[in-house]
Structures are given as structure tokens and as C-alpha cells.
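Report on one structure; see the data block that follows.
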Protein chains: 2
Amino acid sequence: MGFQESFKALSDPTRREIIHLLKKEKLPVGEILAHFDMTGATISHHLSILKEAGLVTTEKKGKYIYYELNLSVVEEIMAWFSDLKEV
Amino acid sequence: MGFQESFKALSDPTRREIIHLLKKEKLPVGEILAHFDMTGATISHHLSILKEAGLVTTEKKGKYIYYELNLSVVEEIMAWFSDLKEV
DNA sequence: CATATATTTAGATGAATATCTAAATGTATG
DNA sequence: CATACATTTAGATATTCATCTAAATATATG
């Protein structure tokens, strides 16, 4: 984790869109994939980057792996921005 | 401008450090440069990316060009994050 | 257990990017 | 105006990265 990984992860538009999909609910890879015109391999790669950055967590449920937004990391990033405005 | 450019700009550690330097005061390129172990050409490149993204503005004063943080874009980015936490 | 479905891994490719050196441009001042 | 200083631009290089296809792994179910 760390800011470098977080910001890098968020610098890609596909990954930001994934983050937005996960805003409402946790989703299995297949459902995330359905929103994009890309191969599963590519989406899997993006998901792994988001996970490395701590922006999402995973949960296995039978056949599926659910990805879920990790809001605590979002908070940390917001704190970085907030700091810019102080004093 | 737009989120894509902003996030890309912030995904580089040198540029984030520049942003932090500008938190307190506007600075001429030479003073920014003094904080890094890089050539002026490289720093100039980073500054142009920050400017393209709208994260900084410039002001010419005689020999010097001052770079200044643009907090309104920072606000916009924070709003993007805030949205993730709503509903 | 064999087959179908879900997801990841490996390896390759082309595009984007951070950096450098060298040169160009702009501005002040002796 | 000539020289020094401040900053940017051009062109090159090496690395990173998004994407693909093909193959591997894991899990459920008939």
C-alpha cells in the first residue's frame, strides 16, 4: 500500500470506473467484466492493481470472487488532499 | 483539464512533492528545482503536466516564472472521492 | 470423475512516460 | 547591445504499462 500505489491505481480510467461500480455493492469479477469491452485477463490485471493498492478487498463465495470497495483507503487519500488546504 | 489529466498528474511522486512544496507559497522554477536531484528540463516537464491538469497556475515576474497551487481543482478531485462515500 | 464455468497467470507487443543532453528562447543588467 | 541567468523545447533512450491470446488453476455440478 502507500500513496504511490493508490494514486497510480487511480490514474487509469478503467480502474476508476471499476471503483465506481463497486460504490453501491460488492460484485464478482464476471459482473465487473460485463461493463467493459475488454478481456477477462485485462480486467483481472486491473483488479489486482486495485487490490495491491488496498483500494478493494476480495471475498470468495463458491464459484465467485467478490470485489468490494475499501473506503478506509479512500479516506486516507482524501486526508492527503485535505492537508493541502490547511494553513 | 478533467479527471484523467488530474489523476495522471498526481500519480507521479515528483509531481506530488512539487504540489506539496507549493502548499505554503508560490515558487519560481529555480527554487522548485533546488529541491530535487533532477535536471531543469525534467522539472520543467513535470511542471507542464501539472499546469495542463490545472493543478497549478503560473505568473511571470520579470526573470522568474512563479508556480502556484490551484486549490479549486483540488476541491474537484476531493468531490470525486466524496461521491464514493455517499449513499 | 468429467465437463463447464470463473478467474488468474504467462508471455508478447505497442504505446506512454520519466529522464537525460543539447539547443533554443526569453529577460534583465552591466 | 552583449552577456548571464531562467526556463522551455527537441530529440533520444530505457522503463513501465495496458492490452491481447493462450494456457493454467480452481470450483461446482451432472
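In what follows, chains carry the letters A, B, and so on, assigned in the order in which the sequence lines appear, proteins first and then strands, with residues in each chain numbered from 1.
To the nearest angstrom, P of C:dT27 lies 15 Å from OH of B:Tyr66. D:dT8 atom C1' lies 15 Å from atom CG of B:Leu50, rounded to whole Å. The distance between atom CD1 of A:Ile49 and atom P of D:dT16, rounded to the nearest whole Å, is 13 Å. Between B:Leu47 atom CG and D:dT7 atom C1' the separation is 10 Å, expressed in whole Å. At whole-Å resolution of the value, CD1 in B:Ile65 and P in C:dT25 are 15 Å apart. Protein atom CG of A:Asp12 is 11 Å distant from nucleotide atom C1' of D:dT19, rounded to whole Å. As a whole-Å value, the separation of B:Leu27 CG from D:dT7 C1' is 15 Å. For the pair A:Leu33 CG and C:dA6 C1', the interatomic distance rounds to 10 Å; values are reported in whole Å.
Between B:His46 and C:dT19, a side-chain N or O to OP1/OP2 separation shorter than 4.0 Å is present. Between A:Lys60 and D:dT27, a side-chain N or O to OP1/OP2 separation shorter than 4.0 Å is present. The side chain of A:Thr39 contributes an N or O atom lying less than 4.0 Å from OP1 or OP2 of D:dC20. Residue A:Thr42 places no side-chain N or O under 4.0 Å from the OP1 or OP2 atom of D:dT19.
When the nucleotides C:dT9, D:dT8, C:dT21 are ranked by their closest atom to the side chain of B:Ala41, C:dT21 comes out on top. Of the candidates D:dT19, D:dT7, C:dT8, the closest approach to any side-chain atom of A:Met38 belongs to D:dT19. Here the nucleotide nearest the side chain of A:Pro28, chosen from C:dT7, D:dA18, C:dA10, is C:dT7.
Using a 4.5 Å cut-off on side-chain heavy atoms (C-beta onward), A:Leu10 and A:Ile77 make contact. Side-chain contact between B:Lys23 and A:Asp83: present, with at least one pair of heavy atoms (C-beta onward) separated by less than 4.5 Å.
Take the nearest nucleotide of DNA chain D for A:Gly62 and for A:Thr14: the residue whose nucleotide is more 5' is A:Thr14. Both B:Ile43 and A:Arg15 lie close to DNA chain D; mapped to their nearest nucleotides by heavy-atom distance, the more 5′-ward contact belongs to B:Ile43.
Within 4.0 Å (heavy atoms only), B:Gly30 reaches sugar-phosphate atoms of the nucleic acid but no base atom. Across all strands, B:His45 comes closer than 4.0 Å to base atoms (heavy-atom distances). Contact annotation for A:Tyr67: backbone-only contact, meaning every heavy-atom pair under 4.0 Å involves sugar-phosphate atoms and none involves a base. At the heavy-atom level, B:Lys8 lies under 4.0 Å from the strands shown only through sugar-phosphate atoms. Within the 4.0 angstrom heavy-atom criterion, base atoms lie near A:Gly40.
Taking all atoms of both residues into account, the shortest heavy-atom contact from A:Ser6 to A:Val73 is OG-CG1, 4.1 Å. Listed here is the closest heavy atom pair of A:Leu55 and A:Val74: CD2-CG2, 4.4 Å.
No more than 12 heavy atoms of other residues, nucleotides or ligands sit less than 6.0 Å from atom CD of B:Glu52.
A side-chain N or O of A:Thr58 and one of A:Lys51 form a donor-acceptor pair less than 3.5 Å apart.
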